[in-house]
There are 2 protein chains.
Amino acid sequence: MQETIQNILKKNLLSITGSRVKILELFLAQNGALAHGDIEKRTGEKFDRVTVYRTLQVFLNKGIIHSIPTADNSVLYALCKDDCAEGHHHDNHVHFVCDNCGNTVCMDEVTVPLIKLPNGYEMRQVEMVVSGRCKVCAAGKGV
Amino acid sequence: MQETIQNILKKNLLSITGSRVKILELFLAQNGALAHGDIEKRTGEKFDRVTVYRTLQVFLNKGIIHSIPTADNSVLYALCKDDCAEGHHHDNHVHFVCDNCGNTVCMDEVTVPLIKLPNGYEMRQVEMVVSGRCKVCAAGKGV
DNA sequence: AGGAAGATGCAACTTTGTTGCAAAATATTT
DNA sequence: AAATATTTTGCAACAAAGTTGCATCTTCCT
Ligand SMILES: [Mn+2]
Ligand SMILES: [Mn+2]
Ligand SMILES: [Zn+2]
Ligand SMILES: [Zn+2]
């Protein structure tokens, strides 16, 4: 995995630094999305808050991660699995936010359906966020 | 219109106060969505910031307005046109955010398509936000 | 190893949102 | 139309979230 991380950074022409490696590790270990706050907690006192902000910003621009709009307007990020590039993202999958455990996941196998807009509107990107109870919470009868 | 506003408030068992009337006026005058900041600007120095927050919160709870998730995670609100009630909203329409002019509108005539989730997931709410260029901006060749 | 380019931490600041409480406005009762 | 009860508001103080400039430290390249 260490290998993978280095490759991701190199492929994106980014220098390999402690914070970038650590934050990428977190994303790869996690199968869901992470908020800025999550990352701060899990990196402990290791990095400055500002560095985390800047690292996420760089990852976003490079198309390494994408942000997820949520109903409660907290900012979440998840790894891009498709071949997103600088500027152009195309993660056209649905996101699921669990009301119970708070976990948010990319549903890579569920693609956002096409819709028809009224005349004159030009569609560029479509985001679809579903909330409810996740597999785990639904099975566990709501913990 | 003054009549309508009073009615909306009464119907929802809310006392009629300056801030509530003024903020409802803004929503009725606007055909798009408003951010907290917009409202503060347009009410001038008339109301305290806290009052605006609390008014929006009350309107949300009563189902007078609904919030719109956006990709850049700014909080937007728009009038509910359906018969949303306290607790239960059902504005299952698509929202459109214009990349050019920043305007956000409810597309009441475009309903969010049904999707099928992987086994075990329980869907409660679906949000769909489209971004691109709005009718006005697309026609005006991007201002 | 040395130097240029880039990343980080710190401090200071802005913006956004929250809470408790007394004063003011609104609704209700007499 | 008062008087009273109930809500709402503004203020102050605070907390959280995000931004910027700049000096210092790291990384990368030769
Ligand atoms: Mn995703
Ligand atoms: Mn809407
Ligand atoms: Zn869950
Ligand atoms: Zn527009």
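Computation of the quantities below employed the complete heavy-atom set of this structure, encompassing side-chain atoms and omitting hydrogens, waters and symmetry-equivalent molecules. So you know, we letter chains A, B, ... as the sequences are listed, proteins then strands, and number each from 1.
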Taking the axis from the first five pairs and the axis from the last five, what angle separates them in the helix from dA1(C)-dT30(D) to dT30(C)-dA1(D), rounded to 10 degrees? 30°
Name the nucleic acid region contacted by R20(B), choosing base, sugar-phosphate or nothing; use a 4.0 angstrom heavy-atom cut-off, strictly under. sugar-phosphate
Take the protein atom CG of D48(A) and the nucleotide atom P of dA11(C), then report the distance between them rounded to whole Å. 10 Å
Taking atom P of dA15(D) as reference, at what distance in whole Å does atom CD of E40(A) sit? 17 Å
Measure CD1/I39(B) against C1'/dG17(C) and give the value in whole Å, please. 14 Å
Which part of the nucleic acid, if any, lies within reach of R49(B) when heavy atoms closer than 4.0 Å are counted: base, sugar-phosphate only, or nothing? base
Quick one: does I16(A)'s side chain get under 4.5 Å of I5(A)'s, heavy atoms only? no
Would you say T55(A) places a side-chain N or O within less than 4.0 Å of OP1 or OP2 belonging to dA7(C)? no
Taking OP1 and OP2 of dA7(C), is either one under 4.0 Å from a side-chain nitrogen or oxygen of S19(A)? no
Determine the contact category for K10(A): base if any of its heavy atoms lies under 4.0 Å from a base atom, sugar-phosphate if only primed atoms, P, OP1 or OP2 are that close, otherwise nothing. nothing
Does H66(A) reach the main-chain N or O of A78(A) with its side chain, forming a donor-acceptor pair under 3.5 Å? yes
Would you kindly give the NZ-to-C1' distance between K46(B) and dT8(D), to the nearest whole Å? 14 Å
Phosphate oxygens OP1/OP2 of dT7(D): is one of them under 4.0 Å from a side-chain N or O of S15(B)? no
Would you say a side-chain N or O of T17(B) is under 4.0 Å from OP1 or OP2 of dA25(C)? no
In whole angstrom, give the distance that lies between atom CG of L60(B) and atom C1' of dT18(C). 16 Å
With heavy-atom distances below 4.5 Å as the criterion, would you say the side chains of V110(A) and K116(B) are in contact? no
Please report the distance, rounded to the nearest Å, between NE2 in H36(B) and P in dG17(C). 7 Å
Heavy atoms only, 4.0 Å cut-off, all strands: where does V75(A) land among base, sugar-phosphate and nothing? sugar-phosphate
Is the closest basic N to carboxylate O distance between D99(B) and R124(A) below 4.0 Å? yes
Excluding sequence neighbours, so at least two apart, what forms side chain to side chain donor-acceptor pair (under 3.5 Å) with T17(A)? none
By nearest-heavy-atom nucleotide on DNA chain C, the more 5' of Y53(B) and L14(B) is Y53(B)
Quick check: any donor-acceptor pair below 3.5 Å linking the side-chain of R54(B) to the base of dG17(C)? no
Result for side-chain contact (heavy atoms from CB on, under 4.5 Å) between I65(A) and one of T55(A), L56(A), I23(A) points to L56(A)
Roughly, in whole Å, what's the span from CG in L56(A) to P in dA7(C)? 15 Å
Any side-chain hydrogen bond (donor to acceptor under 3.5 Å, both in side chains) pairs touching residues 34-51 of chain B, not counting sequence neighbours? Q30(B)-R42(B), H36(B)-E40(B)
Single hit among L76(A), L26(A), T104(A) for side-chain contact (heavy atoms from CB on, under 4.5 Å) with L34(A): L26(A)
How long is the line joining CG of L13(B) and P of dT28(C), in whole Å? 10 Å
Closest approach to the side chain of I16(A), judged atom by atom: which nucleotide of dC28(D), dC11(D), dG9(C) is it? dC28(D)
